[in-house]
There are 2 protein chains.
Amino acid sequence: MVNQEDPRVLRTRELIQAAFRDLLRRKGFDAITIKDIAQKATINRATFYAHFEDKYALLDEVTELAFDAMIPEQVTHAQAFTDDICDRLILATHQYIVDFYRNCRMDSHSMATLVDEKIKKMLQQTIARIFLKGDFPQREDRHHIEIMAAMTGSAIYGAAHYWLNVEEKDRTDVLADLVRPYVMNGLGLYRNGDA
Amino acid sequence: MVNQEDPRVLRTRELIQAAFRDLLRRKGFDAITIKDIAQKATINRATFYAHFEDKYALLDEVTELAFDAMIPEQVTHAQAFTDDICDRLILATHQYIVDFYRNCRMDSHSMATLVDEKIKKMLQQTIARIFLKGDFPQREDRHHIEIMAAMTGSAIYGAAHYWLNVEEKDRTDVLADLVRPYVMNGLGLYRNGDA
DNA sequence: GGATGATCGTCGCATAGGCAACACATGGTA
DNA sequence: TACCATGTGTTGCCTATGCGACGATCATCC
């Protein structure tokens, strides 16, 4: 395979990703061909396959990069899962979903599913990483941590997604006020005692 | 040398030109090094030399492309040097100079001189081409055509340049009304008889 | 004067990318 | 059915680009 440090490789991958993001704004995922991507990226079609197995792998990477960019500094370096960190995760997730649905034509169910799964997985990993760094209860039990992270990530994602169709969808503070107590209580971490 | 049709070549040249245009907005021509250009273009310094002899050759090409883009369709395909064509050339030249001085830090006398010469030359060539297509007086005399084109191009450029420091610099219509009769009379082409 | 550092322009070698062709799958259509 | 067009992955060969090094030039500083 190619050397991931070579500047030509970095540039080509960036070109492919940019072309793909651009195409997603114009046509549905299913309608995008490798030829389309290669043309817009000004690379050869064969070169695409030197970098990505197929367009699904490309979607996966683009999604990962985009969501990573949404996660605030404070969350990435959080030492404990606090109310503040929880809020930031809720808002970042919600914002990501809003941007995603605004920018991409959603005529492809397969893409929506793939992105859903990807984001949920990243949320869970992010949360689990914070749990492991902090003084989380049953910190030694790996399974316990993972399942708590899975539930928390799913809850946040589910709520953020649901909020798309709510009347007061601009009141993300309301969203956070609903999700935070639920999650923190579920984790046994709520300290403000209003649950 | 490299094959000018290869898509890698086209892309690399475009990257170099874009990087150079961008750098010209931030620092003076003299202060720009080949290393700067290569870094911003995400190419290797040695690759630069496969495409341009030095930064002067690059400036020449970038200037040519930019001025070409300013010349209206009607002028490019003009069959005769009419009042209208003359006006369009005056305004395009003036607009080019305005953009140029607005976008580039003019701490380099050498660059200003090079661009001046380049634009004047392109103007003259454009005008000579129109003369050759139309029913220009003494059409058979190549020298006559060339020198008329040279004077016309120089006059237009000189006036457009001078107009930068005029109080009513926004009244480009006034500029055109001053230059057009002068040029057209000089060429013996003025038909409206107000000279 | 000499030392130092930055840039220039060029070289040979290693590697990523372009090209043309291939077999294969899919879907429309005569 | 057979046919044609279009998209997918893959391959071998060739070319453009990246890299590291080189000597040369120039400016700065001691």
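Just so we're on the same page: letters track the sequence lines, and every chain starts at 1.
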Sort me out a list of protein N/O and nucleotides 19-23 of chain D N/O pairs below 3.5 Å, or just none if empty.
from: D:dC19; atom 1: OP2; to: B:N44; atom 2: ND2; distance (Å): 3.3

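- The pair A:K40-A:D36 does not count as a salt bridge, with every side-chain nitrogen at least 4.0 angstrom from each carboxylate oxygen.
- In this structure, the side chain of B:R88 does not engage the main chain of B:Q74 through any donor-acceptor pair within 3.5 Å.
- Here the C1' atom of nucleotide D:dG18 and the CD atom of B:Q39 are 14 Å apart, to the nearest Å.
- Formation of a donor-acceptor pair under 3.5 Å by the B:K55 side chain with backbone atoms of B:I32 is found in this model.
- Side-chain nitrogen and oxygen atoms of B:Y49 include none within less than 4.0 Å of the OP1 or OP2 phosphate oxygen of C:dT10.
- Taking atom CG of residue A:N3 and atom P of nucleotide C:dT15, one finds them 9 Å apart after rounding to whole Å.
- A donor N or O paired with an acceptor N or O is not found under 3.5 Å between the base of D:dT17 and the side-chain atoms of B:R8.
- Formation of a donor-acceptor pair under 3.5 Å by the A:T76 side chain with backbone atoms of A:P72 is found in this model.
- Side-chain N/O atoms of B:T12 include one lying less than 4.0 angstrom from OP1 or OP2 on D:dT17.
- In this entry the distance linking CZ of B:R11 with C1' of D:dT15 reads 13 Å, nearest Å.
- Out of C:dG17, D:dT17, D:dG9, the shortest distance to the side chain of B:H51 is found at D:dT17.
- A donor-acceptor pair is defined here as one N or O able to donate and one able to accept, closer than 3.5 Å; no such pair exists between the side chain of A:D60 and the backbone of A:Y56.
- The residues B:K121 and B:E117 are annotated as not salt-bridged, no charged nitrogen and carboxylate oxygen being separated by less than 4.0 angstrom.
- Comparing atom distances between the B:I34 side chain and each of D:dT15, D:dG18, C:dG9 picks out C:dG9 as nearest.
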